[in-house]
Amino acid sequence: MKILVLGSAAGGGFPQWNCNCPNCDGIRRQSIRAIPRTQSSIAISADGIQWLLVNASPDILKQIQDNPALQPARSVRDTGITSVILMDAQIDHVTGLLMLRESSSPIPLYCTEPVWNDLSTGLPLTQVLSHYCGLTHRHITVEENRFSPPLQLVELPGISITPFPLTSKAPPYSPNRNNPQVGDNIGLLITSERSGKSLFYAPGLGQIEPLVLEAMSRADCVMVDGTVWTEDEMIRLGLSRKTAAQMGHLPQSGPDGMISVLDSLGDNKRKILIHINNSNPILNQDSEEAAVLQRHNIEIAVDGMEITL
């Protein structure tokens with residue numbers, strides 16, 4: 001199973017267009033060592049030809065340009081992207097669908113009912129795209145505190161996907177923002193039928209519940225929410241009035257933070273942070289926070305990273 005990290009930043013990318021935090025200002029002035037990043041998305045394939053797009057970033061066109069495997073060029077109009085799965089309805093995970101509107105057939109879109117409803121009402125991408133290629137809804141059903149039966153995607157032979165619910169936040173535009181529904185956010189356990197190895201993927205994760213920890217423990221590679229370093233990071237930098245928890249993210253630092261969670265999984269699996277906000281000091285390669293992650297054997301995702309399981 002091949003995994004391509006198409007984008008590794010949180011919403012807004014890095015540097016963010018209107019941000020002058022130490023990271024964004026530093027990378028523009030070249031006063032820090034850091035790597036630009038597009039908004040988070042990954043692609044999965046068993047054969048290197050047929051690809052599942054996991055979340056559709058607003059930066060999808062650049063990501064396709066930067067990853068030639070997604071364009072096999074077998075005909076005048078072609079794509080290696082055979083289907084899309086959405087883990088939530090956040091703008092930075094769904095608006096890339098608009099960039100795929102020239103598709104010659106409806107895009108198979110795997111998502112839960114709450115996500116489909118958000119994309120049919122508050123952010124009506126389903127209605128807009130009905131005038132172009134259209135979307136075919138492939139239902140994902142999740143139940144509280146349970147793994148769903150594995151999905152066998154007809155568009156992606158050789159790979160099975162086990163969805164499970166996450167406790168996080170629906171988008172600000174959603175009627176579910178302050179009234180959470182099971183299915184607003186999901187995590188994925190993605191398994192290669194050939195190797196038996198699996199990837200845990202959850203770019204947005206607010207709480208570590210027993211089901212989540214079980215999924216992490218099963219996986220050979222854990223790719224997980226790396227949005228912020230501290231709970232008050234955005235407030236302290238004057239970028240927002242919200243804490244990490246209020247945004248639906250678990251910070252890396254602190255006694256119950258993501259580093260502590262990843263340490264508890266042992267040393268026999270690969271651990272990677274993704275969906276990294278422009279404010280996070282780990283983006284500065286010379287920061288103490290980046291050094292802390294290195295000491296804990298935790299990687300920081302970059303655009304173009306390739307993983308084989």
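Contact of the Glu306 side chain with the Ile3 side chain is not registered, since no non-hydrogen atoms from C-beta on lie closer than 4.5 Å. By the 4.5 Å heavy-atom criterion applied to side chains, Ser8 and Met305 are not counted as neighbours. For the pair Leu273 and Leu262, the minimum side-chain heavy-atom distance is below 4.5 Å. Contact check for Val228 versus Ser279: side-chain heavy atoms found under the 4.5 Å cut-off. Annotation: side chain of Pro171 is not in contact with side chain of Leu123 (no heavy-atom distance under 4.5 Å). Using a 4.5 Å cut-off on side-chain heavy atoms (C-beta onward), Ile272 and Val224 make no contact. Taking 4.5 Å as the limit, some side-chain heavy atom of Ile85 sits within range of a side-chain heavy atom of Ile140. Two residues are said to be in side-chain contact when any heavy atoms from C-beta on lie closer than 4.5 Å; Trp51 and Thr82 fail this criterion.
Below 30°, between 30° and 60°, or above 60°: for Phe147 and Phe164 the angle between ring planes is above 60°, a perpendicular geometry.
Separation of atoms CG (Leu250) and CD (Gln207) is listed at 9.0 Å; rounding is to 0.5 Å. Met216 CE to Lys271 NZ: the interatomic distance, rounded to the nearest 0.5 Å, is 10.0 Å. One distance of note links CG of Asn55 with CG of Leu86; it measures 6.0 Å at 0.5 Å rounding. Considering CG of Leu100 and CG of Leu97, their distance stands at 6.0 Å, rounded to 0.5 Å. Distance check, rounded to the nearest 0.5 Å: CG of Leu309 to OG1 of Thr191 gives 9.5 Å. A distance of 11.0 Å separates OG1 in Thr79 from CD in Glu102, rounded to the nearest 0.5 Å.
No side-chain donor-acceptor contact under 3.5 Å links Arg218 to the backbone of Ala215. A donor-acceptor contact shorter than 3.5 Å links the side chain of Gln246 to the backbone of Thr243. No side-chain donor-acceptor contact under 3.5 Å links Gln152 to the backbone of Pro150. Of the possible polar contacts, none joining the Glu209 side chain to the Leu211 backbone as a donor-acceptor pair under 3.5 Å is found. Formation of a donor-acceptor pair under 3.5 Å by the Asp78 side chain with backbone atoms of Arg74 is found in this model. The backbone N or O of Thr141 lies less than 3.5 Å from no partner atom in the side chain of Thr112, so there is not a single donor-acceptor pair. Checking side-chain atoms of Ser253 against main-chain N and O of Trp229 turns up a donor-acceptor pair under 3.5 Å. Side-chain atoms of Ser45 come within 3.5 Å of backbone N or O of Gln50 as a donor-acceptor pair. Side-chain atoms of Asp25 do not come within 3.5 Å of backbone N or O of Cys21 as any donor-acceptor pair. Between the side chain of His93 and the backbone N or O of Ser57, no donor-acceptor pair lies under 3.5 Å.
In summary, the side chains of Asp59 and Gln39 do present a donor paired with an acceptor at a separation below 3.5 Å, with no hydrogens or angles considered. For the 3.5 Å distance criterion, the side chains of Gln16 and Asn18 qualify, holding a donor opposite an acceptor. Checking Asp184 against Asn176 by side-chain atom types alone, a donor-acceptor pair falls below 3.5 Å. The closest side-chain donor-acceptor pair between Ser40 and His275, if any, does not fall under 3.5 angstrom. One side chain, Gln252 or Asn280, offers a donor N or O that lies under 3.5 Å from an acceptor on the other.
For CG of Asp267, the number of neighbouring non-hydrogen atoms (other residues, nucleotides, ligands) closer than 6.0 Å is 12 at most. Within 6.0 Å of CZ in Arg295 there are more than 12 heavy atoms belonging to other residues, nucleotides or ligands. Around the CZ atom of Arg101, the shell of radius 6.0 Å holds more than 12 heavy atoms that belong to other residues, nucleotides or ligands. By the neighbour-count criterion of 12 heavy atoms within 6.0 Å, atom CD of Glu144 is sparsely surrounded, having that number or fewer from other residues, nucleotides or ligands.
Residues Arg270 and Glu299 are paired through a salt bridge, judged by an N-O separation under 4.0 Å between the basic side chain and the carboxylate. Salt-bridge formation is not detected for the pair Arg236/Glu231: no Lys NZ or Arg NE/NH1/NH2 atom is positioned less than 4.0 Å from an Asp or Glu carboxylate oxygen. Note on Lys269 versus Asp220: no salt bridge recorded, every NZ/NE/NH1/NH2 to OD/OE distance being 4.0 Å or above.
Under the 4.5 Å side-chain heavy-atom criterion for ILVMFWY residues, no single connected hydrophobic cluster contains both Leu205 and Ile186. Transitive grouping of hydrophobic side chains (ILVMFWY, heavy atoms separated by less than 4.5 Å) brings Ile300 and Val261 into a common cluster. In the hydrophobic cluster analysis, where Ile, Leu, Val, Met, Phe, Trp and Tyr join through side-chain heavy atoms closer than 4.5 angstrom, Leu53 is grouped together with Ile91.
When the salt bridge (Lys or Arg N to Asp or Glu O under 4.0 Å) test is applied to Glu113, no partner is found at least two apart in sequence or on another chain.
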> Would Lys2 and Asp47 count as a side-chain contact (heavy atoms from CB on, under 4.5 Å) if you check the C-alpha gap in whole Å, the side-chain angles of each, and the deciding distance to 0.1 Å?
Replying inline: CA-CA 8 Å; Lys2 299 178 185 295; Asp47 59 9; over 6 Å; no
> What's the verdict on salt bridge (charged side-chain N to carboxylate O under 4.0 Å, His left out) for Glu155 and Arg138, showing C-alpha distance, side-chain angles and the deciding distance?
Replying inline: CA-CA 11 Å; Glu155 304 89 0; Arg138 308 277 199 235; 3.3 Å; yes
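When each of Asn67, Val54, Ile42, Thr38 is checked for a side-chain contact (heavy atoms from CB on, under 4.5 Å) with Leu6, only Asn67 meets the rule.
Taking all atoms of both residues into account, the shortest heavy-atom contact from Ala219 to Ser198 is CA-OG, 3.3 Å.
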